[in-house]
J.: 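The structure that follows is given in the form of structure tokens.
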Amino acid sequence: RGHVFARPPIIDLYSPGRLRSGHVLALCGFSHSTLYSRMKTGDFPLPDGKDGGLNFWNTHTIKNYLETGGIA
């Protein structure tokens, strides 16, 4: 309850768009607790914003994170 589960994104990381927590989990291979733990320690970028109370990351934020080998 309250945890997000991984789900594949339906957009391309090379296109502008927003990714929800579940998409980020699927792309990065993290669990929900690992994602939020890494955000807390600064090892993962904080969300770019909230929409309807839900976190989102812009595709370029996650693309850059993945391309740099996981350096926030």
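Just so it is clear, the values below take in all heavy atoms, side chains as well, and ignore hydrogens, waters and symmetry mates.
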J.: I need the minimum non-hydrogen distance between V4 and G22, along with the two atoms involved.
T.: CG1-N, 3.3 Å

J.: Could you tell me which non-hydrogen atom of T59 sits nearest to which non-hydrogen atom of D12, and how far apart they are?
T.: CG2-O, 4.1 Å

J.: With rounding to the nearest 0.5 angstrom, report the OG to NE2 distance, S15 to H60.
T.: 13.5 Å

J.: Under the salt bridge (Lys or Arg N to Asp or Glu O under 4.0 Å) definition, can you give me all pairs with a residue in residues 48-63, not counting sequence neighbours?
T.: R18-D51, R20-D51, K63-E67

J.: Would you say L46 and N55 make side-chain contact, with heavy atoms under 4.5 Å?
T.: no

J.: So L13 and L19, side chain to side chain contact (heavy atoms under 4.5 Å, CB included) or not? Walk me through it.
T.: CA-CA 9 Å; L13 287 180; L19 300 166; 3.6 Å; yes

J.: Regarding S31 and T34, is there a side-chain donor-to-acceptor distance under 3.5 Å anywhere?
T.: yes

J.: Under the rule for ring pair (Phe, Tyr, Trp, His ring centres under 6.0 Å), what residues qualify as partners of F56, not counting sequence neighbours?
T.: none

J.: Applying side chain to side chain donor-acceptor pair (under 3.5 Å), name anything that partners T41, two or more places apart in sequence or on another chain.
T.: D43

J.: Is there a side-chain contact between W57 and F44 in this structure, where contact means two heavy atoms from C-beta onward sitting under 4.5 Å apart?
T.: yes

J.: Any link between V24 and I11 through a network of hydrophobic side chains (Ile, Leu, Val, Met, Phe, Trp, Tyr) touching at under 4.5 Å?
T.: yes

J.: Please report the closest heavy-atom contact between M39 and P47, naming both atoms and the distance.
T.: SD-CD, 3.7 Å

J.: Closest heavy-atom contact between L66 and C28?
T.: CD2-SG, 3.9 Å

